[in-house]
Number of protein chains: 2
Amino acid sequence: MMAKKPSLSAEAAPSPAAQTPDEDLMYDLAELFRIFGDSTRVKILYVLLNGEKCVGEISELLTATQSAVSHQLRVLKQAKLVKYRREGKTVYYALADDHVRTIIGMGVEHLTE
Amino acid sequence: MMAKKPSLSAEAAPSPAAQTPDEDLMYDLAELFRIFGDSTRVKILYVLLNGEKCVGEISELLTATQSAVSHQLRVLKQAKLVKYRREGKTVYYALADDHVRTIIGMGVEHLTE
DNA sequence: CTTTCACATGAACAATTGTTCATGTATTAT
DNA sequence: ATAATACATGAACAATTGTTCATGTGAAAG
């Protein structure tokens with residue numbers, strides 16, 4: 001028989017038919033997606049799909065103020081969605097890993113179908 | 001400095017150009033992810049991974065009020081992330097398509113790695 | 001027809017969030 | 001040391017958002 005249970009979490013089996021979703025996981029999931037849920041931040045992630053860029057370049061590409069971009073870069077940094085390296089006065093940001101790429105790709109795919 | 005808008009556009013490619021991201025696409029992307037960016041809504045989507053459920057079941061599983069769940073189901077419905085069917089007094093909700101499944105899966109994967 | 005059940009929805013309030021403005025920090029140049 | 005450049009950050013304000021409370025709607029039962 002095919003079991004139709006999600007293989008995502010394995011907690012102590014409560015009731016047969018229905019398990020309440022894990023609070024912490026759900027909260028973290030929502031928190032993760034909330035990062036993508038802002039125009040400025042998706043734009044930043046989007047332009048970083050092509051490789052690292054410094055703050056100045058990013059704010060030019062987005063037509064956003066340097067301050068706004070910096071604030072959002074901090075959010076992305078804290079969420080470990082981007083990494084950065086310093087070179088003199090300039091700070092270069094890049095996508096932290098390929099999950100970001102995949103998630104954005106999924107979103108675009110969903111919208112363009 | 002004075003970057004001009006490119007006349008050629010191939011915005012849906014896997015590696016988009018290092019140019020100003022398309023406003024509308026970015027807005028829609030953010031809007032899509034914002035739906036996933038709330039605990040109540042991800043929980044709803046999560047329990048629907050197992051198949052369709054009625055509103056009462058959902059609010060029991062989430063330990064949330066029926067009103068709150070109904071409000072969020074409306075948001076999910078408007079975003080075309082869930083579909084529904086009526087059976088007497090009961091309304092059953094289900095995931096609209098597999099994109100939802102995939103996106104949540106990506107999120108969980110990102111968190112558990 | 002009236003009641004009850006399952007769900008939907010409007011209003012209002014609190015909480016969260018993103019931007020701007022001003023200022024702070026770090027690095028390089030003069 | 002002083003200035004200039006590139007970026008970060010705190011405070012405050014407006015806007016958005018999610019919940020609760022109360023009420024409304026549609027369907028089946030009595």
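Below, chain A is the first sequence line, B the second, and so on; all start at residue 1.
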Heavy atoms only, 4.0 Å cut-off, all strands: where does Y93(A) land among base, sugar-phosphate and nothing?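 Contact class for Y93(A): sugar-phosphate only.
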L61(A) side, atom CG; L48(A) side, atom CG - distance, nearest 0.5 Å: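 So the gap between those two atoms works out to 9.5 Å.
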What is the distance from atom CG of D97(B) to atom NZ of K80(B), rounded to the nearest 0.5 Å?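 D97(B) atom CG to K80(B) atom NZ measures 11.0 Å (nearest 0.5 Å).
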Quick one: ring-ring contact (aromatic ring centres under 6.0 Å, His included) pairs with a partner in residues 52-73 of chain A, sequence neighbours left out?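 Listed once each, the pairs would be none.
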Specify the separation, in whole Å, of atom [atom1] of [X] and atom [atom2] of [N].
X	N	atom1	atom2	result
Q78(B)	dT9(C)	CD	C1'	11 Å
Y92(B)	dA6(C)	OH	P	10 Å
E57(B)	dC7(C)	CD	C1'	14 Å
R74(B)	dA11(C)	CZ	C1'	12 Å

Decide, yes or no, whether a salt bridge links R85(A) with E52(A) under the criterion of side-chain N to carboxylate O below 4.0 Å.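 A salt bridge is present here (some side-chain N lies under 4.0 Å from a carboxylate O).
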With sequence neighbours excluded, what pairs up with Y27(A) under the ring-ring contact (aromatic ring centres under 6.0 Å, His included) test?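 Y27(A) satisfies ring-ring contact (aromatic ring centres under 6.0 Å, His included) with no residue once adjacent residues are dropped.
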K77(A) charged N/C atom sitting above Y84(A) aromatic ring, 6.0 Å / 45°: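 That pair qualifies as a cation-pi contact.
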Can you list the residues that meet the side chain to side chain donor-acceptor pair (under 3.5 Å) rule with S59(A), with sequence neighbours excluded?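 Side chain to side chain donor-acceptor pair (under 3.5 Å) check on S59(A) returns nothing, list empty.
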How are the rings of H99(B) and H110(A) set to each other: parallel, tilted or perpendicular (split at 30° and 60°)?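 Rings of H99(B) and H110(A): perpendicular, as their planes differ by over 60°.
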Can you check nucleotides 26-29 of chain D for protein contacts, nitrogen or oxygen pairs under 3.5 Å, and list what you find?
none

Selection: residues 63-70 of chain B, any non-hydrogen atom under 4.0 Å of DNA chain C: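 Within residues 63-70 of chain B, the residues near DNA chain C are Q66(B), S67(B), S70(B).
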Main-chain N/O of G88(A) paired with R86(A) side-chain donor or acceptor, under 3.5 Å: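 Yes, R86(A) side chain to G88(A) backbone: donor-acceptor pair under 3.5 Å.
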Stacking of H71(A) on dT9(D) base (centres under 5.5 Å, planes under 30°):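 Yes, the aromatic ring of H71(A) stacks with the base.
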Which atom of D38(A) lies closest to which atom of V42(A), heavy atoms considered: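 So the minimum-distance heavy-atom pair works out to O-CG2, 2.7 Å.
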Below 3.5 Å between N/O atoms, which protein atoms pair up with nucleotides 15-18 of chain C? Just atom names and distances, please.
unit_1	atom_1	unit_2	atom_2	d
dG18(C)	OP1	R41(A)	NH1	3.1
dG18(C)	OP1	R41(A)	NH2	2.5
dG18(C)	OP2	R41(A)	NH1	3.3

List the steps and the verdict of side-chain contact (heavy atoms from CB on, under 4.5 Å) for Y92(B) and E57(B). CA-CA 10 Å; Y92(B) 291 94; E57(B) 289 181 272; 4.3 Å; yes
